[in-house]
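First the structure, in the form of structure tokens, and then the observations on it.
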Amino acid sequence: MSGWPLFDLRLWTGAVELRPVTDEDLTTLEGLLPADFEQDPRYDPWPTLTADANRRRILRQSVWDGRGSWRPDAWQLSFTVRVSDIIVGLQVLEAPNWGIDRTVDSASWLAPPARGQGYGTDMRRAILELALGRLGAAAAVSSAWDDNVPSLRVSSRLGYEVQDARPHATADREGTLVHVRLDAARWAALAQGWDVRIIGLDACQEWFA
Ligand SMILES: CC(C)(COP(=O)(O)OP(=O)(O)OC[C@H]1O[C@@H](n2cnc3c(N)ncnc32)[C@H](O)[C@@H]1OP(=O)(O)O)[C@@H](O)C(=O)NCCC(=O)NCCS
């Protein structure tokens, strides 16, 4: 068995397949990374790099950090999103306090040509089934600027409820950030009939203690 069984995890729903990102995938993801995806502000841009080179570096470092710092009680897993076996985007699932609160957060993007076809909803549905259905998460949370209609629509379609909307500032933007949450009981009531297939999880159980 591989020393990193997460690489064999597969999630499918609708037309979408999710696979943990490999280093080979990163070159493709770099080429697709859209300018409107706001990267994790914990990564400072380096003044020695162009804006574009910083974005590509942060994409890679964030995926590598997720693997390198993995602990069963605090983890981050990045998936490629594929349609007809072609990579079209990235879906991240993270649980920085998994050992304490059993709560997952998520972030995602699609290349612009792949948007508006339901894939954004499908990929989030897939990770919700993984987290709430299979890993026993207590809740899923997410956040988006109040003008990010597609992201907020994906959340509301899948049953997340608005918790609050608060003023927020990053290095690039000030505005209102909307926080949403889907708890396990609500998910269980709504997710009947969701058709998500997951393979390879048994070999990873110790990764999510
Ligand atoms: C967020 C994102 C992944 C959603 O993917 P998507 O393919 O657009 O999502 P879907 O096709 O499943 O659409 C979801 C909903 O948003 C709506 N929507 C999509 N694009 C829209 C737009 N430009 N304006 C208004 N509504 C829009 C859809 O109609 C759908 O709503 P409905 O269920 O009422 O029909 C994608 O838009 C994206 O990559 N955005 C840029 C990065 C980003 O902001 N990521 C989220 C923050 S981490």
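Atoms within a ligand are numbered from 1 in the order they appear, just like the ligands themselves.
Near T121, meaning under 4.0 Å from any of its heavy atoms, are these atoms of ligand 1: 10 (P), 12 (O), 14 (C). Annotation for ligand 1: atoms under 4.0 Å from non-hydrogen atoms of Q117 are 11 (O). Close approach to F37 involves these atoms of ligand 1, each under 4.0 Å from a residue heavy atom: 48 (S). The ligand atoms of ligand 1 that sit less than 4.0 angstrom from a heavy atom of N148 are 43 (C), 44 (O), 46 (C), 47 (C).
Ligand 1 lies less than 4.0 angstrom from a heavy atom belonging to G116. Residue G118 places a heavy atom less than 4.0 Å from ligand 1.
Heavy-atom minimum distance, S155 versus R124: OG-NH1, 3.0 Å. Across every non-hydrogen atom of I127 and F79, the tightest pair is CG2-CE1, 3.9 Å. Contact record, I87 with L32: O-CD1, 3.3 Å, taken as the closest heavy-atom pair.
Regarding atom 14 (C) of ligand 1, its nearest protein heavy-atom neighbour is V154 CG2, 3.6 Å. If you check which protein heavy atom lies closest to atom 38 (C) of ligand 1, you get R115 NE, 3.5 Å. When only non-hydrogen protein atoms are considered, atom 33 (O) of ligand 1 lies nearest to R157 CD, 2.5 Å. When only non-hydrogen protein atoms are considered, atom 37 (O) of ligand 1 lies nearest to P150 CB, 3.5 Å. Looking only at protein heavy atoms, the nearest one to atom 26 (N) of ligand 1 is V149 CG1, 3.6 Å. Closest protein heavy atom to atom 34 (O) of ligand 1: R153 NH2, 2.6 Å.
With T103 contributing its side chain and D101 its backbone, the two residues share a donor-acceptor pair below 3.5 Å. When atom types are taken as modelled, the side chain of T170 and the backbone of D172 share a donor-acceptor pair closer than 3.5 angstrom. Checked by atom type and distance alone, the side chain of R55 pairs as donor or acceptor with a backbone atom of F37 at under 3.5 Å.
Distances between N or O atoms of L110 and those of ligand 1 include at least one value under 3.5 Å. Residue contacts with ligand 1: D36 is placed with no nitrogen or oxygen under 3.5 Å of a nitrogen or oxygen of the ligand (distance criterion only). Considering backbone and side-chain atoms together, W109 places no N or O closer than 3.5 Å to any N or O of ligand 1.
Side-chain contact check for E38 and W145: at least one donor-acceptor pair (N or O, by modelled atom type) lies under 3.5 Å. Judged purely by distance below 3.5 Å, without hydrogens or angles, the side chains of R181 and S142 never pair a donor atom with an acceptor atom. Side-chain N/O atoms of T22 and D25 include a donor and acceptor closer than 3.5 Å.
For the pair R67 and W4, the cation-pi criterion (under 6.0 Å, within 45° of the ring axis) is not fulfilled. Judged by the 6.0 Å and 45° rule, R186 forms no cation-pi pair with Y160.
Between W70 and the options W64, F208, W98, a ring-ring contact (aromatic ring centres under 6.0 Å, His included) holds for only F208.
Of the candidates A114, S108, S151, it is S108 that places a heavy atom closest to atom 43 (C) of ligand 1.
Under the 4.0 angstrom criterion, atom 2 (C) of ligand 1 counts as lacking any protein heavy-atom contact. In this structure, atom 8 (O) of ligand 1 has a protein heavy-atom contact shorter than 4.0 Å. Protein heavy atoms come within 4.0 Å of atom 41 (C) of ligand 1.
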